[in-house]
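The sequence lines fix the lettering, A, B, ..., with proteins before strands; numbering per chain opens at 1. We use all heavy atoms of the structure for the numbers below, so side chains are in, but hydrogens, waters and symmetry mates are not.
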Amino acid sequence: MAEEDEESTPLLSELYKPPALLPIARLKDQLLYAIETHPVTIIVGETGSGKTTQIPQFLYHSGWTNDGSQIAVTQPRRIACTSVSARVASELETPLGQEVGYSIRFEDVTSSKTRIKFVTDGLLLREMLVDPLLKRYSVVMVDEAHERSLSSDVLLSLLKKVLRKRSDLRVVVSSATLDAERFLDFFAPEEGEKIHGLDRDEYGCIVSIEGRAHPVDIFYLSEPTNDYIERAVDTIIDIHTKEADGDILCFLTGREEIDDCIDMIADRIVDLNPNFKNLQPLPLYAGLPSDQQMYVFEKAAENTRKVIIATNIAEASVTIENIVYVIDVGYVKLRAYDPILGIERLNITPVSKASATQRAGRAGRTRAGKCYRLYTEEGFEGLEDATFPEIQRSNLAPVLLQLMNLGIQNLIRFDYLSNPPSKLIVRALDLLFSLGAIDDYGRLTKPLGTRMAELPLEPMLAKALLNAPSFGCLSEMLTIAAMMTLQGTAFVSHSDTTKLLERSRRRFAVKEGDHITLYNVYQSFVSVGKKDAQWCRDNCLNHKAMIKAVSVRKQLENYLERMGIQESALQGGDVKRVGGMEMGEKVQRCLTTGYFAQAARMKSDGSFQTVGGETTLWAHPSSMFFHRKADWVIYHEILETKGKVYIRDLTTIEMDWLTEYAPEYYKVKKR
DNA sequence: GAGCACTGC
């Protein structure tokens, strides 16, 4: 699963020195000199160059941790932290958690001896709250920076500031693509300016490392296609009937396309000459239950060629062995955020050159491969170099809250790697203001704003949770908040029938809506015993997700305890009537204090209308109000897909509560 | 009436 290849088992273990075989070994001295003499070093390394595993070891051996400081290596994904740290620990012949460790949410495998620490970029951002200058680190390496994730972009901005205060810190930015100059330019002092006595040219440098992957032949269409799924199926059948052995990986944009494609392949297999090998199509996308995901990693049966039809998950998150042929339709589904309507959209977008290159590289991991791009060469030339940064297409409320908590005053003038559109910033500040997280002057409020920033929850949910003690429903809201972080993964259909799943949903349903239904799911799960995976299967629940909810709830409880907010013995459990108000109503009211800006009313045709009345919304099919009637509701999430706007996780409320808990917000709106 | 690209704290 890790980015770096496993070496084959050596015959003579004393001769086994795989790191020396990596292209990066030849550059060791040049690299160390660059890092020694420049605050910022940009590493341009192809996959398999060994940068992630080797650079931290070079630094470790050359004394960068001798004074007790650590080397941090950030990764965008948890799986990379665990797998790469294990690899490095074994190369240093030390148990994981000693000199080499990793730290991800819920798992801190480090000790006082740890010198090389792999950490998710989001977690390092959290660490900056307690250690703003990252004093415990002598070097911070930001890996996969070219992916331009929200947290790695923000981390780079903050590191730029830290570098101005710490002449001893070294930052290494690893990027796989063409945008090395851009990163360098971002860190460098202005023309004529000096930082720690260094001018623009002396401040940073770029080191390129060649990859070790096998060659991949690229093929293009001579004419563009208007049906890439059909074209993909044609290509798959062509490869299967004309090309040598080797599995096929085909990139499509989503679940529906993948299902269609697999159906079409199944139709074509029937007509194939029986002399050909078997062709086994397998789907792969994040929403697929993990037991079904496992098939793609298993070796194909005798006389069978696997063809994996995948989303972008196979581009960087997951590595499948023995892929020799890659089919790239040239599109990806990307999230976009509409700051006017506050709606997230999933748009099918052309991939970037960086993505296309990464996809092609998936064919050359075990031997020379081929990549079929289902677009023209001119089409490729017309693609963007890199993926549109996430910071320019997201709801910025959570990240702005976090930046403010780190002491950033001016969020408009902040030194972003790419400036987010001002509309996104304005919308986010608007929301934070209406929630009471910031005051009239745009300053974080105390304690509400700072507390919201500290919780690893979106602002609306954080607000509702922090209000829970005043409604006497803290225990319930802790559970609901934990269940919300599962983002709809609590229920899963293990069989193909959706009927079973619907029946299970109904088993837990209550009239108040989806939030308290999920609360019931959690309560039942802990009461039957958290280890009972069979009970989960029987009830169409995702056992792993439920275990995660338990961890998240515990973590949230710890955060609140540190803030001096504790679950009292009186609350929760079976007590359904406290202080004359039903527990359901307490939760409904409490949710309203966080989600008042996301209120809607059901019309007679079953669709919903927002308060402003400009958009028609539909209950997501996973909601109990997909079938049932309701009046006013608040919703957790709003997402547009295929032209229809869906709201998810709905709870009924009284209209009066909106003006009761958000008088300012609704006064302004009405005029 | 019928669905979530992918991560992360």
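- Rounded to an integer number of Å, the gap from CD of A:Glu107 to C1' of B:dG8 is 14 Å.
- Taking atom CG of residue A:Asp153 and atom C1' of nucleotide B:dT7, one finds them 14 Å apart after rounding to whole Å.
- Scanning for salt bridge (charged side-chain N to carboxylate O under 4.0 Å, His left out) contacts around A:Lys463 gives an empty result, with sequence neighbours left out.
- Following rounding to the nearest Å, A:Glu147 (CD) and B:dT7 (C1') show an atom-to-atom distance of 9 Å.
- Across all strands, A:Arg105 comes closer than 4.0 Å to base atoms (heavy-atom distances).
- Distances shown here put a side-chain N or O of A:Thr120 below 4.0 Å from the OP1 or OP2 atom of B:dC9.
- The CD-P distance, from A:Glu557 to B:dC9, rounds to 20 Å in whole Å.
- Using the six-membered ring where Trp is involved, A:Tyr375 and A:Phe380 have ring planes that are parallel, under 30° apart on the 30 and 60° scheme.
- Take A:Asp259 and apply the salt bridge (charged side-chain N to carboxylate O under 4.0 Å, His left out) test, not counting sequence neighbours, and it matches A:Arg255.
- Straight-line distance from the CG atom of A:Leu124 to the C1' atom of B:dT7: 17 Å, rounded to whole Å.
- Each salt bridge (Lys or Arg N to Asp or Glu O under 4.0 Å) pair with one or both residues in residues 634-647 of chain A, not counting sequence neighbours, appears once here: A:Glu256-A:Lys642, A:Arg345-A:Glu640, A:Glu637-A:Arg648.
- For the side-chain contact (heavy atoms from CB on, under 4.5 Å) test, residues two or more places apart in sequence or in another chain that qualify with A:Arg335 are A:Glu344, A:Leu346, A:Glu390, A:Arg393, A:Ser394.
- Atom-to-atom, CZ of A:Arg77 to P of B:dC9 comes out at 12 Å; the value is rounded to the nearest Å.
- Here the C1' atom of nucleotide B:dT7 and the CZ atom of A:Arg78 are 11 Å apart, to the nearest Å.
- At a threshold of 4.0 angstrom between heavy atoms, the contacts of A:Leu150 with the nucleic acid are absent.
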- Message: Base contacts versus sugar-phosphate-only contacts with protein, heavy atoms under 4.0 Å: please encode nucleotides 1-6 of chain B as B, S and - from 5' to 3'.
- Response: BBBBBB
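- Nucleotide B:dT7 holds its C1' atom 15 Å from the CD atom of A:Gln358, rounded to whole Å.
- Listed by chain and residue number, A:Tyr337, A:Pro339 satisfy the side-chain contact (heavy atoms from CB on, under 4.5 Å) test with A:Arg427 (two or more places apart in sequence, or in another chain).
- In this structure, A:Arg231 fails the cation-pi test against A:Tyr228, since its NZ or CZ atom is not both closer than 6.0 Å to the six-membered ring centre and inside 45 degrees of the ring normal.
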